[in-house]
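Inspection log for the structure reproduced underneath, given as structure tokens.
Order of the sequence lines sets the chain letters (A, B, ...), proteins ahead of strands, with each chain counted from 1.
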Amino acid sequence: RLYRCWEENGYFHEEPDPARPPFIICMPPPNVTGRAHLGHGSTYTPMDVLTRFHRMLGNNADWLPGLDHAAIATEAVIVREMAKEGLAREDLGREAFVARAWEWSRTYGGEIETQFRILGFGPDWQRARFTMDDGLSAAVRKVFVQLYREGLIYRGKRMINWDAKGKTTVSDAEVDHVERDATLWHVRYPLEGDSTNGITVATTRPETMLGDVAIAVHPEDERYTALVGKSVLLPPLLERAIPIVTDEKVDPTFGTGAVKVTPAHDPTDYEIGLRHGLSMPSIMDFDARITGIEIGVGPYEGLDRFDARTRIVDALRDKGLLVKEEPYRHAISISERTGDVIEPLLSLQWFVKMESLAAPALQAYRDGRLRITPKSGGKTYEQWLENIRDWNVSRQIWWGHRLPVWYAPDDKPIVAETEEEAFEIAQREHGTTAIVRDPDTLDTWFSSGLWPFSILGWPEKTPELAHWYPSQVLITGSEIIFLWVARMVMLGIHFMGNVPFRDVVLTPLVFDAVGRKMSKSLGNAIDPMELAEKYGADAFRLSILRQMRLESQDIRYQESRCEEARNFNNKIWNATRYMLGLPEAMPGALTLPKSESLTLADRWILATLHDTIARVTQALQTFDFGGAAETLWRFVWYEFCDWYLEATKLPENAPTRAGVLSFVWNNAMRLLHPIEPFITEEVWLSLPHDGQTIMTATWPDPLEVPVDREAAALFDDVREATERIRNLRAEIGLQPKERVVLDVPVNVGPDVAALLAHLCAGTVRTSSAAGHTVAQALASVKPEAPKNVLEERYRKEISRLRDEVERLERKLANGQFVAKAAPDVVAKERSKLNGYRQEFARVETALAELTSEGDSRS
RNA sequence: GGGCGGUUAGCUCAGUGGGAGAGCGCUUCCUUGACACGGAAGAGGUCAUAAGUUCAAUCCUUAUACCGCCCACCA
């Protein structure tokens, strides 16, 4: 109900307004196929919090949402769906397939937007974009063409990562390295013409032997010096001879110190091959099957790579060429998306040249134009950019931005923004229009890399682009710092001349209670939608924010967190009910009772509110969401409810309470609103307020809250006295309503006396002993209690104080300390000692009086 | 192999160069006129280990152990 009202009234929407400071956040576009998970809680909640906060501050704040076409993920969904109908991609044909993907995206995609609404996220939906829409697609083509013409995009035959399951290349950033148990096979390659001699190599991938073109050893490895230059026969077929070469890259200490060189199927071997001018025959096709298309593979033709491995190992064993098999644990490359084992293949693909793009992105971070929180994220960012390699951007799938590339009959690429332009170029440069478009599409991250300016209308010169670029902050998970963040910075600098955002905030990863990753297969995944249903969206948001710390890289989450937050909200609700149930009406929220009429408790809660506003504001400005949440939790529950609300039940405090409650609670709701939008709106609307919605209410200003430090300190003294007295009451075993007589040694004034009596369920009896301040009097309030209880209590106190006094005396007697420590520290320690001594004397006197009383009575 | 982070109460985590903190859990009491999704009181810790710097170290430095994350072409 509230959300609908907000959206219908356009509260999330903003127009660029140069009169106000901009505050823009570009939402990391969730996958069109995606569903909300806990990671969205830790990443998107902070974005919503900041946007709401800055809107209340009066800034031109807008949160720009969108969806990502998620090329590989979406294509996989469609393929799976089609498989149920017995259809393959090719049965449909490209055009029909893409049409189906569009239809699917429109019909079933974007479910996550509904979920975001339930969670209270309020981006400017009117500005929602999709990475495949016309404007963004045009931006993609323009960027590709420009980079090509600048020589920053090229086509080349390079080692790429092949995902055989997804039937596409993937970039280095999308490859995971996973430790797995494997086997290290030692294989003997017999010397050509002398089969009694040979060289043994260790390999984990015998199936690639068919593509071996050499054996390499280290140049200084004396074991093999005599063999270098000779040739060996390639097992298991023993039909082809390959040379033994030397290369620095070979580690003589690993395995046998000799390595087989398969340039078409291993990145290191590829480099060795380049250095030695070796041939690079491919023996595996895009289905990860052995192929003899380039070189003879004998009976292994057409076998799947893993079957081929088994068959080749068997053959080696039969022929006595398998010297040794040993278990071996090592890291293998896995496709992030499909989980399939990555096959390094030599293939003709499109690449973005990264070096000249990376340098300015690195510089921007180093000179502080780009800040990264936490600092450790900055290190990661630097390290990656320093070692960056070219980015393979062509993908062999159909769903996505098709490469704006055509080929002339001689296979020369023609790169153009439109087909018309491509025809023109073809006619002009090749004298023909018989050109064929490249079937490949672009890496999803190519279009998301343009997000910060493409969603603002680039390449058009829009008012949004003029006023809102660059944005202020990007919030995202640290796992896509390479895939996304670094690329946005590089492309932003290149095309806009400026970093796309001032701050990057990396949110922690969410793990389960025992630190495991949340996953469906482990069954430990928690669905935020279920939590929202059970405990409320506000509770979910608060629970996750409360655990966030600036420097933390992970948080452990469990459902009980949400339950606690729900309890907190229940507390807010009940506190509100209390106020609404008071006999007097709540006056307007923006004016306080006359200053001189404020009670001690009033002054205390106002001073506390003042500090809370300052702290929360500071925390949100520095992205310390956990700090903000924790501060508010403490204020609402342990200060406002536990102490102030209780104090207002005292009749003497009644005259001013409605005004102060109204004022303080209104402020508290505004402070809490960015974190808990729903309950704060509901409460705010049910109490006196100014305006239509808390969303556009102004952010609390500490300068508008009167502060009386002296009164606040006195109230704190009362709190401390109260705690001591309650402790004694518990020891005596008094029932809550049983009153206790309190001896207060000076006339502390009727307000303090009444407050103390109320909070302790006591009857105050003031005597007027001289020489005490009110604070001292409070410190020595003596409840009437059985002699033995008091005596034990006093003895405990004396013992504790004696320890403290002795500790400090020792410290101050240390000449080194007095001479070398900072003077203010010494002074502080001295005054502490004095305080303890006075307290010690006081308790000792009290004990003496107690025992003498007892004596006279007995 | 390289980089980063962590180790503080049973659990999850704050924090500070000079008197160890919170929430949950636990124990005792309380259906007190907002709230049992609550209130009051309480128990519980040689701040991972070792050395160093310092008048003083849980905090700074170094090393070690264990845990986690990221990066990486030793077959």
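- Here I555(A) lies out of heavy-atom contact (under 4.0 Å) with every strand.
- Atom CG in L506(A) sits about 21 Å away from atom P in rG3(B), given to the nearest Å.
- Within the nucleic acid shown, K811(A) comes within 4.0 Å of at least one base atom, counting heavy atoms only.
- When the C1' atom is used for both rG18(B) and rC24(B), the distance is 32 Å, rounded to whole Å.
- In this structure, CD of Q735(A) is placed 12 Å from C1' of rU28(B), rounded to the nearest angstrom.
- OP1 or OP2 of rG39(B) has not a single side-chain nitrogen or oxygen of R726(A) nearer than 4.0 Å.
- Residue Y638(A) is classed as a sugar-phosphate contact, given heavy-atom separations below 4.0 Å to backbone atoms only.
- For rG52(B), the paired base is rC60(B) (Watson-Crick or G-U wobble, both distances below 3.5 Å).
- Comparing the same atom, C1', in rU12(B) and in rG25(B) gives a spacing of 11 Å after rounding to whole Å.
- K249(A) has no carboxylate O lying under 4.0 Å from a charged side-chain N of D247(A), or vice versa, which leaves the two without a salt bridge.
- Under the 4.5 Å side-chain criterion, counting only non-hydrogen atoms from C-beta, F568(A) is not in contact with R546(A).
- If you check rC71(B), rC55(B), rC13(B) against the side chain of Q383(A), the one that comes closest is rC71(B).
- The same atom, P, is picked in rU61(B) and in rG21(B); the two are 25 Å apart, to the nearest Å.
- Look at CG on L808(A): it is 13 Å from C1' on rA56(B), rounded to the nearest Å.
- Listed candidates were rA34(B), rA14(B), rC70(B). Nearest to the side chain of R549(A) is rA14(B).
- Side chain of N567(A), nearest nucleotide from rG68(B), rG38(B), rG18(B): rG38(B).
- Remark: R566(A) is not in phosphate contact with rC37(B), judged by side-chain N or O atoms under 4.0 Å from OP1 or OP2.
- For the C1' atoms, the distance linking rC26(B) with rG45(B) amounts to 16 Å, nearest Å.
- Taking a pair to require two hydrogen-bonding distances under 3.5 Å in either a Watson-Crick or a G-U wobble arrangement, rA34(B) remains unpaired.
- Taking every side-chain heavy atom of F254(A) into account, rA75(B) is the closest of rA34(B), rC35(B), rA75(B).
- Take the nearest nucleotide of RNA chain B for M579(A) and for V818(A): the residue whose nucleotide is more 5' is M579(A).
- Pairing of rG68(B), defined by two Watson-Crick or G-U wobble distances under 3.5 Å, is identified with rC4(B).
- Side-chain proximity of V825(A) to the nucleotides rU32(B), rG18(B), rG42(B) is greatest for rG18(B).
- Between the C1' atom of rC67(B) and the CG atom of L509(A) lies a distance of 16 Å, rounded to the nearest Å.
- W384(A) has no side-chain polar atom (N or O) that falls below the 4.0 Å cut-off from OP1 or OP2 of rG2(B).
- Using a 4.0 Å cut-off between a side-chain N of Lys or Arg and a carboxylate O of Asp or Glu, K649(A) and E646(A) qualify as a salt bridge.
- Across every strand in view, rA40(B) sits in a pair with rU28(B) that passes the Watson-Crick or G-U test at under 3.5 angstrom.
- Within 4.0 Å (heavy atoms only), D642(A) reaches sugar-phosphate atoms of the nucleic acid but no base atom.
- The side chain of R556(A) lies closest to rU12(B), out of rU12(B), rA72(B), rG39(B).
- Listed pair Y328(A) / rC74(B) fails the phosphate criterion, with no side-chain N or O lying under 4.0 Å from OP1 or OP2.
- Base pairing annotation: rA22(B) forms a Watson-Crick or G-U wobble pair with rU12(B), both donor-acceptor distances under 3.5 Å.
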Inset, instruction - Please report the C-alpha distance between R275(A) and V245(A) in whole Å, then the side-chain angles of each, then the deciding distance to 0.1 Å, and finally whether the side chain to side chain contact (heavy atoms under 4.5 Å, CB included) criterion is met. - result: CA-CA 11 Å; R275(A) 275 196 289 276; V245(A) 301; over 6 Å; no

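- Residue-level contact check: Y557(A) touches neither bases nor backbone, having no heavy atom under 4.0 Å from any strand.
- Rounded to whole Å, the distance from CD1 on I334(A) to P on rA72(B) is 15 Å.
- rG39(B) and rU58(B): their C1' atoms are spaced 34 Å apart (whole Å).
- Residues E174(A) and S171(A) have side chains that bring a donor and an acceptor to within less than 3.5 angstrom of each other.
- One finds a side-chain N or O of K649(A) lying less than 4.0 angstrom from the OP1 or OP2 phosphate oxygen of rA34(B).
- When the P atom of rC70(B) is taken as reference, atom CD1 of I372(A) falls 17 Å away, rounded to whole Å.
- Listed candidates were rC70(B), rC74(B), rG23(B). Nearest to the side chain of D251(A) is rC74(B).
- Between E564(A) and E723(A), the residue anchored nearer the 5' end of RNA chain B, judged by the nucleotide with its closest heavy atom, is E564(A).
- Annotation for K379(A): atom NZ does not count as buried by contact number, only 12 or fewer foreign heavy atoms lying within 6.0 Å.
- Using a 4.0 Å cut-off between charged nitrogen and carboxylate oxygen, K832(A) and E804(A) do not count as a salt-bridge pair.
- Between rA75(B), rA34(B), rG2(B), one nucleotide has an atom nearer to the side chain of E646(A) than all others, and that is rA34(B).
- For rA75(B), the OP1/OP2 oxygens have a side-chain nitrogen or oxygen of H330(A) closer than 4.0 Å.
- The gap from the C1' atom of rG23(B) to that of rG38(B) amounts to 16 Å, rounded to the nearest Å.
- Between the side chain of K571(A) and the base of rC35(B) there is at least one donor-acceptor pair of N/O atoms closer than 3.5 Å.
- Between R810(A) atom CZ and rC55(B) atom C1' there is a gap of 15 Å when expressed in whole angstrom units.
- Salt bridge present: D716(A) and R719(A) bring a charged side-chain N and a carboxylate O closer than 4.0 Å.
- Checking rC47(B) for Watson-Crick or G-U wobble geometry (two distances, each under 3.5 Å) identifies no partner in any strand.
- The separation of rU64(B) from rC70(B), taken at their P atoms, amounts to 24 Å, rounded to a whole angstrom.
- At the heavy-atom level, S376(A) lies under 4.0 Å from the strands shown only through sugar-phosphate atoms.
- At a cut-off of 3.5 Å, with distance as the only test, a side-chain donor of N574(A) or R577(A) sits close to an acceptor on the other residue.
- Out of rA72(B), rA41(B), rA34(B), the shortest distance to the side chain of A730(A) is found at rA41(B).
- In this structure, K571(A) fails the cation-pi test against F640(A), since its NZ or CZ atom is not both closer than 6.0 Å to the six-membered ring centre and inside 45 degrees of the ring normal.
- Going from the C1' atom of rA57(B) to that of rG52(B) covers 11 Å, rounded to whole Å.
- Using a 4.0 Å heavy-atom criterion, one finds that W637(A) contacts the sugar-phosphate atoms exclusively.
- Rounding to whole angstrom units, CD of residue E207(A) and P of rA75(B) are separated by 14 Å.
- Between rC35(B), rC73(B), rG39(B), one nucleotide has an atom nearer to the side chain of N574(A) than all others, and that is rC35(B).
- At a threshold of 4.0 angstrom between heavy atoms, the contacts of K249(A) include nucleobase atoms, whether or not backbone atoms are also involved.
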